[in-house]
Structures are given as C-alpha cells and as structure tokens.
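Remember, predicted model here, so these are calculated numbers, not experimental data. Proteins come first, then strands; the chains are lettered A, B, ... in the order of their sequence lines, and each starts at number 1.
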Number of protein chains: 2
Amino acid sequence: MPSKSLRRGGVKPMSLLQRLKRRGWRLTSQRRVIAEAMDGEHVHLTAEEVYERASSRLPEISRATVYNTLNELAKLGEVAEVSLGSTTKRYDPQTARRHQHMVCERCGATRDVHPAGEERLSLPAVERNRFKLSRVEVVFWGLCPDCAKNAVA
Amino acid sequence: MPSKSLRRGGVKPMSLLQRLKRRGWRLTSQRRVIAEAMDGEHVHLTAEEVYERASSRLPEISRATVYNTLNELAKLGEVAEVSLGSTTKRYDPQTARRHQHMVCERCGATRDVHPAGEERLSLPAVERNRFKLSRVEVVFWGLCPDCAKNAVA
DNA sequence: TTGAATGCAAAGTGTTTGCACGTGC
DNA sequence: GCACGTGCAAACACTTTGCATTCAA
C-alpha cells in the first residue's frame with residue numbers, strides 16, 4: 001500500500017538534510033541537528049524553537065550558530081522565512097512544493113495549505129502600477145477546530 | 001469636477017484624525033501629530049518613521065508615546081499592523097477600505113492595491129482542515145518600475 | 001480636579017557580529 | 001592544512017514598562 005504522500009499524487013520530497021548533502025554542504029553535527037530539528041510538514045519554528053530542539057540533542061550548540069545557519073539556509077533557498085503575524089521570524093523547510101499558510105488567530109497554530117493552483121499573479125493594470133510581479137503570498141486567518149470550539153462562549 | 005477619489009466611485013474616507021475625534025478620543029498635541037504623520041494612502045510607516053515625522057513638528061515628543069499610541073490605535077482598529085517582509089512592524093491607517101499590498105522586493109516600496117473583489121475565502125475542505133476562516137491576507141511581491149529598470153544588468 | 005497621557009530611563013526581546021578556537025573535507 | 005564553521009560575549013535594533021510629572025476635559 002502506497003504511503004499517504006504518494007497517494008496524493010506527488011513524489012515524496014527529499015528531507016532537508018538530504019537536500020543539503022546533495023548540495024555538498026559542509027556537514028557539521030550542529031548543522032545536522034538543526035536540519036533535523038526543523039524538517040517536516042506544517043513546521044514553522046522560530047530560531048529560539050530550533051535552538052531548543054537542537055540543543056536537546058546537542059547541548060553544546062550555541063544560538064549564534066543557529067541564527068547563522070538559518071540565515072544561510074534562507075540565502076540558499078532551502079528554507080523560507082515567513083512572518084505570519086508576529087515580528088519574530090519563522091522558518092519553513094517546505095520549499096519544494098509551493099504552498100500557503102493558514103493560521104489560527106487565537107493560538108497561532110499554523111498549517112501548510114495547497115490551493116488548487118488558482119492564485120493568479122494578475123492584478124488590474126491600474127492597480128499594478130507598472131510593478132513587475134513575481135510572486136504572491138497568501139495567508140488565511142481563522143480559528144482552528146479547538147479554538148473555534150472554545151470561542152462559542 | 002469631482003476629485004479623483006470620488007471618481008473612483010467611493011466616498012472620500014474620513015482622515016484618521018477625524019475618525020479619532022468622532023470617537024471622543026482624548027486629543028493631546030502628541031496624538032494629533034502622530035495621527036497627522038501617518039495618514040494617507042500607500043503609507044506604511046515604522047514606529048521610528050512616525051517618530052521622525054511627529055518630532056519634526058513637536059520636538060518634545062518621546063518614542064514611548066509614539067509606541068504607546070500606535071499600540072492603542074491598533075487595538076482600537078484604527079490602524080493595522082502589517083509585516084511586509086521585515087521584522088519591524090509597520091502601521092497602515094487605511095482601515096476603512098479593505099485592501100492588499102504590493103511590495104518591491106528590492107527597495108521595499110509598498111503600495112495599497114484593491115483587487116476587483118475576487119479573493120474568496122474558500123479553500124478545499126481537505127485543506128481547510130476544519131478551520132473556521134475569517135479573512136485572507138495577500139501580498140504581491142515584485143519589482144517597482146525604478147528597480148525593474150536598474151535590474152536589467 | 002482627576003483620571004489619563006506623557007517623558008524618561010531602564011529593561012526586555014530578537015538578532016547580528018568580531019574574533020579566537022576548532023574541525024570537515 | 002586550511003578554509004570555513006562554531007562559541008562566546010558584546011553590540012545592535014526594536015519594543016515595552018515603571019514611575020513621577022503634566023494636562024485635556
């Protein structure tokens with residue numbers, strides 16, 4: 001029986017670590033635990049959260065290394081910096097598959113969403129104001145099931 | 001001859017200051033210069049930029065007052081906090097008319113855009129994952145005319 | 001008059017950086 | 001071996017806060 005990700009019609013994407021190895025990225029233990037800490041779907045950690053996860057596996061790691069590494073990964077395009085409401089940066093390792101985000105206004109829970117290829121990059125000429133558009137970022141806001149339940153009161 | 005904003009079919013919106021007076025907001029000189037500093041279309045200032053503009057008119061104003069006031073205006077819903085890439089908050093006084101943003105990836109120039117009422121709040125049920133959606137935020141990224149010109153190289 | 005707003009300075013987050021030391025390739 | 005990564009601590013950028021003073025209503 002095929003795995004869920006295969007059933008959805010795609011090829012299972014490489015892990016972040018695999019992608020970095022393939023690039024010939026110089027692989028230290030610090031970089032490995034960072035890459036492992038932030039991999040997965042629906043994962044959008046802050047630098048501090050990456051640090052917590054990484055240092056539970058490698059206690060001598062420093063915050064500076066986490067910050068440096070996250071910046072480098074972002075520059076390489078292997079993770080994406082996302083805002084999602086707060087001013088604290090979050091990092092999204094899902095760069096292979098174009099997607100958007102859905103965020104709970106109450107608790108901040110965030111999920112990746114994959115709309116059916118609709119979002120066109122078009123804008124009426126008057127509004128476009130001679131900008132050359134390259135991408136559009138979409139965030140859906142609402143209440144997650146748990147918060148919606150408790151919000152009835 | 002009607003003004004441009006009238007020709008576009010809308011009623012000219014009240015200024016931020018007018019809206020605050022109507023609310024019976026306690027009006028100090030500091031609050032007045034802050035409201036005047038950040039009003040207008042396509043205006044998305046940082047707190048520091050508001051402070052600069054305000055203190056050029058009222059040199060004794062303090063940053064703390066600017067920050068306190070911006071937070072209060074945001075809580076009242078009279079300005080919106082927007083992120084737009086950087087980790088520094090920006091403040092948008094255009095709360096009357098629902099709109100989105102278009103940002104230059106190179107220089108950060110930001111314009112309000114008003115799409116033709118398309119953005120539906122729908123998402124396939126599978127993707128919606130039982131979230132109760134309330135709004136969608138859209139940011140168009142690209143190059144402004146000036147940066148597009150210089151980017152040919 | 002009085003509760004609310006202000007200014008100052010200190011403290012609190014989140015992030016970057018200079019430099020000596022350590023290490024993967 | 002050496003270029004590059006790491007750790008530390010200090011610096012930096014942005015924002016919030018405690019408290020005494022001032023002021024709009």
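Within 6.0 Å of CZ on B/Arg98 lie no more than 12 heavy atoms contributed by other residues, nucleotides or ligands.
An OP1 or OP2 oxygen of D/dA3 is reached within less than 4.0 angstrom by no side-chain nitrogen or oxygen of A/Arg26. Residue A/Gln30 places at least one side-chain N or O under 4.0 Å from the OP1 or OP2 atom of D/dG7. Taking side-chain N and O atoms only, B/Asn71 has no distance below 4.0 Å to OP1 or OP2 of D/dT15. Between C/dT15 and A/Tyr67, a contact under 4.0 Å exists linking OP1 or OP2 to a side-chain N or O. Contact annotation: B/Thr87 side-chain N/O to C/dG14 OP1/OP2 distance is not under 4.0 Å. The side chain of A/Thr65 places an N or O atom within less than 4.0 Å of a non-bridging phosphate oxygen (OP1 or OP2) of D/dG7. Between C/dG14 and A/Thr46, no contact under 4.0 Å exists linking OP1 or OP2 to a side-chain N or O.
Atom CD of B/Glu49 and atom P of D/dT15 are 11 Å apart (whole Å). The CG atom of B/Leu73 sits 15 Å away from the P atom of D/dT15 (whole-angstrom rounding). Counting to the nearest Å, the P atom of C/dG12 and the CD atom of A/Glu48 are 16 Å from each other. With rounding to whole Å, B/Arg32 atom CZ is found 12 Å from D/dA25 atom P. Rounding to whole angstrom units, CD of residue B/Glu52 and C1' of D/dA13 are separated by 14 Å. Here the C1' atom of nucleotide D/dC14 and the CG atom of B/Leu70 are 13 Å apart, to the nearest Å. If you measure from atom CH2 of B/Trp25 to atom P of C/dT6, you get 7 Å, rounded to the nearest angstrom. Per the geometry, OH belonging to A/Tyr91 stands 8 Å off C1' belonging to C/dT15, to the nearest Å.
The residue B/Asn68 sits close to a base: some heavy atom pair falls under 4.0 Å. Among the heavy atoms of the strands lying under 4.0 Å from B/Arg31 are primed sugar atoms or P, OP1, OP2 only; no base atom is included. Within the nucleic acid shown, B/Thr69 comes within 4.0 Å of sugar-phosphate atoms alone, with no base atom in reach, counting heavy atoms only. Nucleic acid contact class of A/Glu60 (heavy atoms, under 4.0 Å, all strands): sugar-phosphate only.
Under the side-chain hydrogen bond (donor to acceptor under 3.5 Å, both in side chains) test applied with A/His101, the options A/Arg111, A/His44, A/Arg90, A/Glu137 reduce to a single match, A/His44.
Sequence order on DNA chain C of the closest nucleotides to A/Lys89 and B/Val66 puts B/Val66 first from the 5' end. Nearest-nucleotide positions on DNA chain D for B/Arg90 and A/Ser62 put A/Ser62 closer to the 5' end.
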Q.
Would B/Thr65 and B/Arg31 count as a side chain to side chain donor-acceptor pair (under 3.5 Å) here? Give the steps.
A. CA-CA 8 Å; B/Thr65 295; B/Arg31 289 175 162 197; over 6 Å; no

Q | Step-by-step salt bridge (charged side-chain N to carboxylate O under 4.0 Å, His left out) determination, A/Glu36 to A/Arg53 | A | CA-CA 9 Å; A/Glu36 289 168 350; A/Arg53 291 187 177 202; over 6 Å; no

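Checking C/dC8, D/dT15, C/dG14 against every side-chain atom of A/Thr88, the shortest atom distance belongs to C/dG14.
In the hydrophobic clustering of ILVMFWY residues, with side-chain heavy atoms under 4.5 Å counting as a link, A/Ile34 and A/Trp25 come out together.
Residues A/Glu105 and B/Ser134 bring a donor and an acceptor atom of their side chains to less than 3.5 Å of each other.
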